[in-house]
Asks: 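Have a look at this one before I ask anything.
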Amino acid sequence: MHPALKRIPNSRSWARYAIYADHSIIVLNKPPGLICQGLKSQGEVSPSRDVDKFNDLLRDLKDRFHMSNLPYAAHRLDKSTTGALVLAKNLVTARQLAQQFQTRTVSKTYLALVRGGAKSFPSKYGEIRKALEINEEGRVSIGAACDAKFAATDWELIGSSTKVPLSLLRLTLHTGLKHQLRVHLAHSLHTPILGDTLYSRKPLSEKITNLIHIPQNRLFLHSSRLTLSRYKKTGTKRHFRLGITAALPGDFVSMCNDLGIQLDPMDISGGLCVDDVPVGGNSTIENLQGKWLRPWRHLPTEL
């Protein structure tokens, strides 16, 4: 394991997860094991240790970016999911982002290592349109009841290992229901995400475990890119679409290398796109009133 994977951040180092910031938003590369739920109000203190971690993150970001208030969470990622997470610096922006998520203006792309080789997929591209329902215990399943909620996922096969039956998918999340990707992949496409023991309890084959080590409680699902509608303060064309790619964690990259699955360079290093065109250089980013921060790719597997 890379030494950096063993590092555990203290309460004063959370700001290193910030990968982009401008006058109104901060984007983090969320590590695994972090619950995206903090203070319910600016002054509330929570007794939960897991929630306290997120509270520490909010306070650290407040200090790092010299804010007068704690940042606001615009959306959530599951505890075990890594990747791009956007926070608002003020309440006005928080409401604007909430509106974008509610109207599905935000484009959300994920990367997932899944159990299944090339023969598991009928084509290179596909879509899943299966409604989901949640039972009283909070377990999600594909549902046919009248109160089941519509859920839409598109998938693209990036590559499959020639050594073991594992593949890399790029997923577009059109709706954002609880555990949507995990359930769609496990129960509709029948290719559960590697490390998902909730929706697939079938043990891994010895062919896989003899080649690679799967860390306990590690789900290989990464929020790769968020694309938001943004506005410049000046200029004739003020509206633009900002795409922020969060670098894959080091163990995810190493896993793909061991499996012989080729990754896109931007997925490895992270980066920015404006209207789907990659941008680089400080001057270009500063024109957007933003700053690309050095990402910490080697995220710890546990907090």
Side-chain angles (χ1 to χ4, degrees), residues 2 4-5 7 9 12-32 34 36 57-67 70-75 77 81-90 93-94 96-97 100-101 105-111 170 172 222-235 237-253 263-300:
H2 192 286
L5 291 176
R7 297 178 60 183
R12 305 312 303 164
S13 65
W14 288 105
R16 72 180 63 199
Y17 290 103
I19 57 174
Y20 174 83
D22 60 27
H23 64 283
S24 59
I25 67 171
I26 302 169
V27 180
L28 307 179
N29 192 352
K30 176 191 168 299
L34 179 67
C36 300
L57 182 149
L58 296 179
R59 295 186 186 101
D60 196 20
L61 291 173
K62 174 178 177 290
D63 294 341
R64 167 65 176 80
F65 292 97
H66 309 291
M67 299 168 58
L70 295 176
Y72 298 84
H75 65 122
L77 294 177
T81 304
T82 60
L85 178 74
V86 62
L87 303 173
K89 287 186 173 181
N90 55 69
T93 301
Q96 292 172 346
L97 289 174
Q100 287 195 46
F101 278 102
T105 305
V106 179
S107 175
K108 297 169 285 186
T109 304
Y110 289 71
L111 290 171
R170 192 181 304 278
T172 300
H222 181 72
S223 173
S224 178
R225 180 183 293 186
L226 287 176
T227 303
L228 313 167
S229 288
R230 304 291 289 152
Y231 294 88
K232 301 177 186 178
K233 288 185 176 181
T234 59
K237 185 181 178 182
R238 296 181 57 201
H239 174 262
F240 64 97
R241 296 282 288 169
L242 177 65
I244 303 153
T245 299
L248 280 166
D251 62 345
F252 201 126
V253 175
L263 294 169
D264 185 292
M266 184 174 282
D267 291 332
I268 298 174
S269 62
L272 296 177
C273 289
V274 172
D275 294 331
D276 294 325
V277 178
V279 299
N282 290 334
S283 60
T284 303
I285 299 172
E286 288 171 358
N287 288 340
L288 306 175
Q289 289 85 42
K291 185 176 183 181
W292 176 249
L293 307 170
R294 182 180 296 275
W296 184 28
R297 181 164 63 86
H298 299 293
L299 304 177

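What you are looking at is a predicted structure, and each value in this text was computed from that prediction instead of being measured.
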Asks: For F252, check ring-ring contact (aromatic ring centres under 6.0 Å, His included) against everything at least two apart and list the hits.
Replies: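 Counting only residues at least two positions away or on another chain, F252 forms a ring-ring contact (aromatic ring centres under 6.0 Å, His included) with F220.
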
Asks: Of the non-hydrogen atoms in K89 and D22, which two are nearest, and what is the gap between them?
Replies: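 Answer, listing the atom of K89 first, then D22: NZ-O, 2.7 Å.
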
Asks: In chain order, what residues pass the side chain to side chain contact (heavy atoms under 4.5 Å, CB included) check against S223, with sequence neighbours excluded?
Replies: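 S223 satisfies side chain to side chain contact (heavy atoms under 4.5 Å, CB included) with L77, A84, Y110 once adjacent residues are dropped.
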
Asks: For T172, enumerate each residue passing the side-chain hydrogen bond (donor to acceptor under 3.5 Å, both in side chains) test, keeping only those at least two apart in sequence or located in another chain.
Replies: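 side-chain hydrogen bond (donor to acceptor under 3.5 Å, both in side chains) list for T172, sorted by chain: empty.
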
Asks: Can you give me the closest heavy-atom contact between W292 and G270, atom names plus distance?
Replies: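 Looks like CZ2-C, 3.8 Å.
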
Asks: If the condition is side-chain hydrogen bond (donor to acceptor under 3.5 Å, both in side chains), which residues does T81 pass it with, not counting sequence neighbours?
Replies: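 Result, side-chain hydrogen bond (donor to acceptor under 3.5 Å, both in side chains) vs T81: none returned.
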
Asks: Distance from L70 atom CG to D63 atom CG, nearest 0.5 Å?
Replies: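 L70 atom CG to D63 atom CG measures 9.0 Å (nearest 0.5 Å).
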
Asks: Measure the CG-CD1 distance between L263 and I268 for me, rounded to the nearest 0.5 Å.
Replies: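 With rounding to 0.5 Å, CG (L263) is 4.5 Å from CD1 (I268).
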
Asks: Atom CD1 of I19 and atom CG of L272: how far apart are they, to the nearest 0.5 Å?
Replies: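 The CD1 atom of I19 sits 8.0 Å away from the CG atom of L272.
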
Asks: Taking the side chain as every heavy atom from C-beta outward, state whether L111 and R170 have any pair of such atoms under 4.5 Å apart.
Replies: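 Heavy-atom side-chain distance check passes, below 4.5 Å.
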
Asks: Grab the two heavy atoms, one from T245 and one from R225, that are nearest each other, plus how far apart they are.
Replies: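 Heavy atoms of T245 and R225 come nearest at OG1-NE, 2.9 Å.
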
Asks: Should L57 and L28 count as side-chain neighbours, where that means a heavy-atom distance under 4.5 Å?
Replies: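 L57 vs L28: side chains touch.
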
Asks: In chain order, what residues pass the side-chain hydrogen bond (donor to acceptor under 3.5 Å, both in side chains) check against S24, with sequence neighbours excluded?
Replies: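 S24 satisfies side-chain hydrogen bond (donor to acceptor under 3.5 Å, both in side chains) with R230 once adjacent residues are dropped.
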
Asks: With D275, which residues qualify under side-chain hydrogen bond (donor to acceptor under 3.5 Å, both in side chains), at least two apart?
Replies: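 So D275 forms no side-chain hydrogen bond (donor to acceptor under 3.5 Å, both in side chains) with any residue.
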
Asks: Taking ring-ring contact (aromatic ring centres under 6.0 Å, His included) as the definition, give me every residue that meets it alongside F101, ordered by chain and number, with sequence neighbours left out.
Replies: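 Applying ring-ring contact (aromatic ring centres under 6.0 Å, His included) to F101 gives H75.
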
Asks: State the CG-CG distance between L34 and L85, to the nearest 0.5 angstrom.
Replies: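 Answer for the CG-CG pair, L34 versus L85, is 8.0 Å.
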
Asks: Provide the closest heavy-atom pair for A94 versus Y72 in the form atom of the first, atom of the second, distance.
Replies: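 Residues A94 and Y72, closest heavy atoms: CB-CB, 3.8 Å.
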
Asks: Quickly, which of L228, N90, L87 forms a side-chain contact (heavy atoms from CB on, under 4.5 Å) with I25? Name it, please.
Replies: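 One option only clears the test, and that one is L228.
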
Asks: Checking D264 now: which residues fulfil salt bridge (Lys or Arg N to Asp or Glu O under 4.0 Å) with it, not counting sequence neighbours?
Replies: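 Result, salt bridge (Lys or Arg N to Asp or Glu O under 4.0 Å) vs D264: none returned.
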
Asks: Would you give the length of the straight line joining atom OH of Y17 to atom CZ of R64, rounded to the nearest 0.5 angstrom?
Replies: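 Separation between the atoms: 15.5 Å.
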
Asks: By ring-ring contact (aromatic ring centres under 6.0 Å, His included), which residues pair with H239, not counting sequence neighbours?
Replies: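 With sequence neighbours excluded, H239 shows a ring-ring contact (aromatic ring centres under 6.0 Å, His included) to Y231, given in chain and number order.
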
Asks: For residues P249 and H222, report the shortest heavy-atom separation together with the two atoms involved.
Replies: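 Residues P249 and H222, closest heavy atoms: CD-ND1, 3.6 Å.
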
Asks: For the pair D60 (side chain) and A15 (backbone), establish whether a donor and an acceptor sit closer than 3.5 Å, ignoring hydrogens and angles.
Replies: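 Flag set: sc D60 to bb A15 pair under 3.5 Å.
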
Asks: Could you measure the distance from the CG atom of L242 to the OG atom of S107? Nearest 0.5 Å is fine.
Replies: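 The OG atom of S107 is 12.0 Å from CG of L242, to the nearest 0.5 Å.
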
Asks: Which heavy atom of K108 sits nearest to which heavy atom of L226, and what is that distance?
Replies: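 The answer is CG-CD2, 3.6 Å.
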
Asks: Is the shortest heavy-atom distance from the side chain of M67 to the side chain of I26 under 4.5 Å?
Replies: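 Yes, their side chains come closer than 4.5 Å.
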
